[in-house]
There are 2 protein chains.
Amino acid sequence: MPEQKHGDTERRLLAGALSVFCEKGYDGASIREIIKRAEVTRPVLYYYFANKEGLFHRLVTDSFEQAFAEFENALAGVVGCRARLKALIRVAFARTECSPEVARFLLHVFFSPPQEGPQFDKVRFGRRRLGLVAALMREGIEAGELAGGDPETLALAFCGLMDMHIMAKAQEPERRLTPELGQDLVDLFMDGARSGVPAV
Amino acid sequence: MPEQKHGDTERRLLAGALSVFCEKGYDGASIREIIKRAEVTRPVLYYYFANKEGLFHRLVTDSFEQAFAEFENALAGVVGCRARLKALIRVAFARTECSPEVARFLLHVFFSPPQEGPQFDKVRFGRRRLGLVAALMREGIEAGELAGGDPETLALAFCGLMDMHIMAKAQEPERRLTPELGQDLVDLFMDGARSGVPAV
DNA sequence: GTCTAGACCTACCGTTCGGTAAGCCGGGGT
DNA sequence: ACCCCGGCTTACCGAACGGTAGGTCTAGAC
């Protein structure tokens with residue numbers, strides 16, 4: 001029975017910390033508020049985690065690894081650049097809709113000032129995701145599906161297009177990130193915004 | 001002569017605050033470090049600004065208003081959606097290259113957690129810029145230059161594509177945001193990433 | 001020479017922060 | 001009956017925080 005209680009308390013702590021970090025950022029979040037939301041006293045936090053930084057680090061890596069794994073799963077077996085991008089954005093949007101805090105949290109961490117919070121390499125996480133997308137772009141170019149250009153630039157553009165919509169939802173939660181919107185965004189990325197009349 | 005000294009001290013304070021806020025975020029920035037970089041004692045800060053929040057607010061509004069004005073100037077007299085987008089991104093990239101801290105600062109503020117720092121409406125600033133871009137898109141649609149779709153969605157996509165490159169430069173300063181890159185990004189946005197061969 | 005006011009200083013305040021020492025308590029093993 | 005240990009408690013700590021009281025110094029007005 002201790003097993004059950006142990007896991008539950010830890011989960012409450014992680015949930016409380018996620019919501020506070022998500023609202024106030026690392027430095028703005030206080031241990032006192034985290035334990036309040038987790039309905040736990042202070043030393044309990046230090047029983048489960050080394051310190052504030054450890055709790056934060058755990059939260060970041062867990063959230064990121066799970067999201068990243070889902071991205072990779074979504075791509076398995078899907079062929080074609082356009083279809084793969086659609087699979088990617090579908091998962092990203094679905095995740096955001098069903099657990100907005102996690103998505104927000106990761107984006108806030110990624111976009112936060114370099115020295116906010118612990119000194120660990122948030123940039124590394126951003127780059128891993130970017131690398132995944134850049135690989136898609138490279139495949140697309142080699143397959144002749146994409147016109148060309150720098151794969152990393154294309155990846156930045158696509159991630160920007162996707163993340164900006166996720167951030168927008170964070171700021172106005174009534175905005176819906178539907179699968180259809182995701183598909184439209186990929187089509188926009190692939191086909192461009194200009195009207196169909198042939199340019200020149 | 002007091003006039004000169006007065007302005008200089010205030011400028012040093014603003015510059016110091018900008019660099020600290022930019023590195024550590026609002027909550028991570030301490031008054032002590034700001035005054036250290038400004039080479040000023042503490043009460044001097046409170047002589048020029050009401051408090052930490054006032055200093056921050058001044059910095060945000062000044063930076064934003066100047067950037068926004070430059071955007072509007074850049075658009076004056078330019079016709080055609082593609083050309084207007086190119087003018088916009090050229091100014092944004094040029095600003096980032098010549099004063100990276102200001103650009104970073106604004107993006108960090110815009111993307112920061114909702115309750116980090118003072119309770120003022122950072123969302124409002126984001127929306128003003130988005131409104132500017134959305135208006136461009138609306139014009140483009142009405143002029144038949146753009147295929148259609150929701151102007152706000154198009155604006156989000158374009159801002160994402162642009163901001164993501166600015167953030168990327170913030171994280172690896174050796175990345176260059178050249179005018180040519182800006183033009184290429186607009187062309188990417190307009191024409192899409194897919195190769196020219198007709199799909200299907 | 002005296003006064004005033006703007007620009008700035010030293011020294012201090014109360015609060016909140018992250019973190020810890022030391023002990024309580026209940027259940028399982030022996 | 002005993003102990004042990006995992007999970008938790010109350011009570012406390014030093015440090016850093018944002019902010020202020022009150023005095024000093026200098027330059028210009030008269």
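Throughout, protein chains are lettered first and strands after them, A, B, ... in sequence-line order, and every chain is numbered starting at 1.
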Rounded interatomic separation in angstrom, taking OH from Tyr46(B) and C1' from dT20(D): 9 Å

On the six-membered ring of Phe68(B), is Arg128(B) placed so that its NZ or CZ lies under 6.0 angstrom from the centre and within 45° of the ring axis? yes

Can you find a side chain N or O atom of Thr41(A) that sits less than 4.0 Å from OP1 or OP2 on dT10(D)? no

Between atom CD in Glu10(B) and atom P in dG6(C), what is the gap in whole Å? 16 Å

When the distance from CG of Leu45(A) to P of dG7(D) is rounded to whole Å, what number comes out? 15 Å

Could you state the atom-to-atom distance from CD1 of Ile31(B) to P of dG14(C) in whole Å? 20 Å

Assess whether side chain to side chain donor-acceptor pair (under 3.5 Å) is satisfied between Lys169(B) and Thr96(B), documenting all intermediate values. CA-CA 9 Å; Lys169(B) 184 194 169 59; Thr96(B) 307; over 6 Å; no

Between CD1 of Ile35(B) and P of dT20(D) the distance, given in whole Å, is 14 Å

Starting at CG of Asp8(B) and ending at C1' of dA7(C), how long is that distance when rounded to a whole Å? 13 Å

Considering only heavy side-chain atoms of Ser30(A), the closest of dG18(C), dG19(D), dC9(C) is dG18(C)

Shortest side-chain distance from Arg42(A), nucleotide among dT9(D), dC8(C), dC12(D): dC12(D)

Within this structure, what is the CZ-to-P distance between Phe56(A) and dG19(C), rounded to whole angstrom? 14 Å

Establish, with yes or no, whether the OP1 or OP2 oxygen of dC8(D) is under 4.0 angstrom from a side-chain nitrogen or oxygen of Thr9(A). yes

Does a side-chain N or O from Tyr47(B) land closer than 4.0 Å to OP1 or OP2 of dC8(C), or not? no

Find out whether the Lys NZ or Arg CZ of Lys122(B) is both under 6.0 angstrom from the six-membered ring centre of Phe111(B) and within 45° of the ring's axis. no

Which of parallel (below 30°), tilted (30 to 60°) and perpendicular (above 60°) describes Phe125(B) and Phe64(B)? perpendicular

Look at the rings of Phe93(A) and His165(A) and say which category their plane angle falls in: under 30° parallel, 30 to 60° tilted, over 60° perpendicular. tilted

Can you measure Ile34(A) atom CD1 to dT16(C) atom P for me and round it to whole angstrom units? 17 Å

Hey, is the side chain of Tyr48(A) poking within less than 4.0 Å of OP1 or OP2 on dC8(D), counting only N and O atoms? yes

Assign Ala29(B) to base, sugar-phosphate, or nothing according to its heavy-atom contacts below 4.0 angstrom with the strands shown. sugar-phosphate

Side chain of Arg32(B), heavy atoms from C-beta onward: which of dG19(C), dC8(C), dC17(D) has the nearest atom to it? dC17(D)

